[in-house]
Amino acid sequence: MILAANAAVGVITETNAEKALEELRAYQADVATVLRNGCFSILPATELVPGDIVEVGVGCKVPADMRMVEMLSHQLRVDQAILTGESCSVAKELDSTSAMNAVYQDKTNILFSGTVVVAGRARAVVIGVGSNTAMGSIRDAMLRTEDEATPLKKKLDEFGTFLAKVIAGICILVWVVNIGHFRDPSHGGFLRGAIHYFKVAVALAVAAIPEGLPAVVTTCLALGTKRMARLNAIVRSLPSVETLGCTTVICSDKTGTLTTNMMSVSKVCVVRSVHQRPITDEYSISGTTFAPDGFIYDASENQLEFPPQSPCLLHIAMCSALCNESTLQYNPDKKSYEKIGESTEVALRVLVEKVGLPGFDSMPSALNMLTKHERASYCNHYWENQFRKISVLDFSRDRKMMSVLCSRKQQEIMFSKGAPESVMARCTHILCNDDGSSVPLTMDIRNELEARFQSFAGKDTLRCLALALKRMPEGQQSLSYADEANLTFIGLVGMLDPPRDEVHSAIHSCMSAGIRVIVVTGDNKSTAESLCRQIGAFEHLDDFTGYSYTASEFEGLPPLERANALRRMVLFSRVEPSHKKMLVEALQSHNEVVAMTGDGVNDAPALKKADIGIAMGSGTAVAKSASDMVLADDNFATIVAAVAEGRAIYNNTKQFIRYMISSNIGEVVCIFVAAVLGMPDTLVPVQLLWVNLVTDGLPATAIGFNKPDGNIMAVKPRKVNEAVVSGWLFFRYLVIGAYVGLATIAGFVWWFVYSEDGPRLPYSELINFDSCSTRQTSYPCSIFEDRHPSTVSMTVLVVVEMFNALNNLSENQSLLVIHPWSNLWLVGSIILTMLLHVAVLYTEPLSALFSVSPLTLAEWKVVLYLSFPVILIDEVLKFFSRRPRGMFSNGRFFFKL
């Protein structure tokens, strides 16, 4: 059954790998508009060859890697998030890049296979198809990546190899020691004697091998995955649960994991008045998602009760609602607000909802009475109904702005938004927030606004947009570029992809737990550094030199400096897929256990290479297939909670492995000592299998439910090469195992020598049983085939193991501190195990199968007397373990397993 289960796991793993490669094909375009025989025709994308001229437009999936040769619209924007992880679409251009060591983000004249055109039309020449594309290189990287064995699996493999050698040695030793007994008359010949002692050696092997261990480990890890699922961490690979416990570095994607991946306006700057200082007013806006929930605060951090009463905020809301091509809607299935269109435009939509509507004092409370579906765009729809859109001037790269002509009550107004430097250069007037008047834009005011813009964009690393308006001649029905002059400046808005609220405390938890967090992003360095400062990754650091690197900077370092950089790195920016995998490999070469997060197709090779690959629930199917764990809520804090759970699972796994090892040591001592002393078989192989698989297996599984220590995230990660059982602990389990074995033999001897229901033989007769048939005795030789003594031995072994299971509620804490009822699963498993054992003893077909017979009350009393002392012995050993700097605490002189 175990072999069949292992084979099934292997097949499923292989299927998952193939599935990941299959899902890559979903990102390949099916058809392409290509120039053939002098005209454009639609052909299967698989027929493209380098040199083909292809035309792409809005909604088109790029069919191959191509270089831009002709622009057919004002601009071409491409969403290449699946490849680079950039949160916003990228403007493409005809000019080649001048960057040295250019990464995908720098190649603005290249269209990458599998990315999607979101605006404009263009023509491009094919430069790479199939495996020679950026997407193809990801496939090749996934094929080359081999799965690493987890730390626990390595340790269990080492333990298995060691155990096999020891068992083989002991079995051969027992067989060789008894060569002199092969000719004993009781065996009926040399060959039969050899076979008899071979059976003893087999029994010894059965005793030493913990047959139930693989099943128990799998069960414990499976139970751990169930608990993790409640934390929104869906585990795809069972062994990875344990690996989380020794993670030393978390390489976290920035967009969507540390941030909400929901662009939101965080600051607004308007001109208050030209007659008094300060000239400008600054507002901050709360709320970090697309939900229209949040408040507006002034510079003194006082909340504005009615934001529409401020003329500038009112006009900013109008402009943001009308000069906008995006949509904000509520998804009842996901219970979240979703965007359609550019993130920056959706952020403006959300700002409109936070500002609210004029003329109704109760408006803020009235808006809250709407359903979430109605609330999503209620204020936006109000302005769209108030104004009629007449004409639109789309965004272009040279103007860096867009404008829309609207009409309301026979009055035409043009609203504009765009890059601050472009819009402000076209402004001649400003709207004052004090009285709503329009006054000329002086050089002093322009300098003040420039300073505010530099502060927003530089220090705060906000993405800034300037908003403006212009009254147009009555009856105008169209717009031209010439109309975008003599504008009236309304305000400056600064937006960002905000950090998640819980990330700061999660980063702090990682630091306390000795786990280093490296932020990995495709974004530019200054934006990423600003985020790191906000989330506490750069805590206590004023100078980021040596802690923040771009991919090209890191690649340019000499080997020694690169090694130092790996030890200190906090931020890795401007990366492409190959850099993520390179980072994982470099960290692993320094004996780090690496968890890597990702969501795009570009992340798949790094996710597969990392010790723990963590994909986002909202990510691509390829990333999920290549990962070990999926975060249902895309939240970094969930990773930290999963690490804590992983540590608890490992601690419990360690406890039940130790429990099973001590049990097996006891069985080995029992068989070995009985064979050396020349006693009859105390236990037959089928009885040992019953103990190993069932009576040991149930409590061992229940130990997996032990409660985690309170300080589990206050200690450093365990070392990868840390032994499961070592030093003083190994000595402890040798002592416990020796007692288990000796108690089992004692039960066997008691029945023959002292039991009222037994033959009451002298001890010398018992150890010379094999010569019984050649001597004159006062008892029949068939007494040595009675099932009672092995029944007593087997029951002692089972009961002593139940008491020993209670010892494993904690590694060092006394049972007086951690009571048995702290793990009711363990108490329940002990009761169930004893009921099963009683069923074996007292049910006829089972008792014959296991060569046992019912026990009397007197025999049960002896079983308890022999079993209970194991608790007292372990309590003494735990006492020495708890002694600070105790002579036994470091285990320096003991064998390491």
Side-chain angles (χ1 to χ4, degrees), residues 77 79-82 84-90 118 232 252-268 284-296 317 320-321 324-355 372-373 375-380 417 456 460-465 493-504 506 519 521-524 527-528 530-532 534-535 597-600 615-620 623 631-639:
R77 297 190 73 84
D79 180 358
Q80 53 187 43
I82 63 161
T84 62
E86 292 166 292
S87 53
C88 292
S89 59
V90 177
V118 295
N232 288 318
S252 177
D253 193 35
K254 178 183 78 72
T255 306
T257 309
L258 297 172
T259 66
T260 61
N261 196 19
M262 298 182 189
M263 194 70 75
S264 65
V265 175
S266 63
K267 286 189 177 182
V268 173
S284 57
I285 293 91
S286 65
T288 57
T289 67
F290 289 148
D293 307 321
F295 301 101
I296 298 176
S320 298
N324 203 314
E325 300 294 322
S326 68
T327 304
L328 178 66
Q329 61 187 23
Y330 182 72
N331 186 329
D333 297 328
K334 294 182 180 177
K335 296 183 179 177
S336 63
Y337 291 88
E338 293 182 341
K339 64 160 185 161
I340 298 175
E342 287 279 4
S343 296
T344 50
E345 293 203 328
V346 178
L348 293 176
R349 289 265 185 224
V350 177
L351 175 64
V352 174
E353 299 301 323
K354 291 175 181 177
V355 171
K372 291 190 173 182
H373 179 72
R375 181 69 189 90
S377 293
Y378 186 85
C379 299
N380 281 279
K417 78 167 193 292
F456 276 19
D460 300 325
T461 60
L462 301 179
R463 184 164 290 160
C464 297
L465 287 175
V493 296
M495 57 187 77
L496 79 164
D497 182 6
R500 292 177 180 270
D501 294 334
E502 58 275 23
V503 164
H504 194 284
V519 179
T521 178
D523 260 343
N524 65 63
T527 303
S530 173
L531 175 92
C532 289
Q534 291 176 58
I535 62 175
T597 72
D599 57 358
M616 302 298 114
S618 62
T620 59
L631 297 185
D633 59 357
D634 293 7
N635 197 335
F636 179 80
T638 304
I639 302 174

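- Considering all non-hydrogen atoms of both residues, Lys254 and Val519 come closest at CB-CG1, 4.0 Å.
- Here CD of Glu345 is found 12.5 Å from CG of Leu328. Values are rounded to the nearest 0.5 Å.
- Contact record, Pro292 with Val350: CA-CG1, 4.3 Å, taken as the closest heavy-atom pair.
- Put simply, CG on Leu348 and CE on Met495 are 4.0 Å apart, with the number rounded to the nearest 0.5 Å.
- When all heavy atoms of Ile285 and Val265 are compared, the closest pair comes out as CB-O, 3.5 Å.
- Two residues are said to be in side-chain contact when any heavy atoms from C-beta on lie closer than 4.5 Å; Thr289 and Tyr337 fail this criterion.
- Without hydrogens or angle criteria, Glu353 side chain to Cys379 main chain gives a donor-acceptor distance under 3.5 Å.
- Across all their heavy atoms, Met263 and Asp497 have their closest contact at SD-N, 3.5 Å.
- For the atom pair CE of Met616 and CG of Asn635, the computed distance is 9.0 Å after rounding to the nearest 0.5 Å.
- Under a 3.5 Å cut-off, the side chain of Arg349 and the backbone N or O of Ser320 do not form any donor-acceptor pair.
- Side-chain atoms of Lys354 come within 3.5 Å of backbone atoms of Ser286 as a donor-acceptor pair (strictly under, hydrogens ignored).
- Of the N and O atoms on the side chains of Asn232 and Thr638, not one donor lies less than 3.5 Å from an acceptor on the other residue.
- One N or O on the side chain of Arg500 and one on the backbone of Asp634 form a donor-acceptor pair closer than 3.5 Å.
- In terms of heavy atoms, Val352 sits closest to Ala321 at CG2-N, 3.7 Å.
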Between Lys339 and Met262, is the side chain to side chain contact (heavy atoms under 4.5 Å, CB included) condition met? List the steps. CA-CA 9 Å; Lys339 64 160 185 161; Met262 298 182 189; over 6 Å; no
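- The nearest pair of heavy atoms linking Ala347 to Ser264 is CB-CA, 3.9 Å.
- Of the possible donor and acceptor atoms, none in the side chain of Asp253 sits under 3.5 Å from a partner among the backbone N and O of Gly598.
- For the pairing with Ser266, the side chain to side chain contact (heavy atoms under 4.5 Å, CB included) check across Val493, Leu496, Leu351, Asp460 returns one residue only, Leu496.
- Here the side chains of Tyr330 and Glu338 are not in contact, with every heavy-atom distance at 4.5 Å or above.
- Between Thr521 and Leu258, the closest side-chain pair of non-hydrogen atoms is not below 4.5 Å.
- Taking the side chain as every heavy atom from C-beta outward, Gln534 and Val503 never approach each other to under 4.5 Å.
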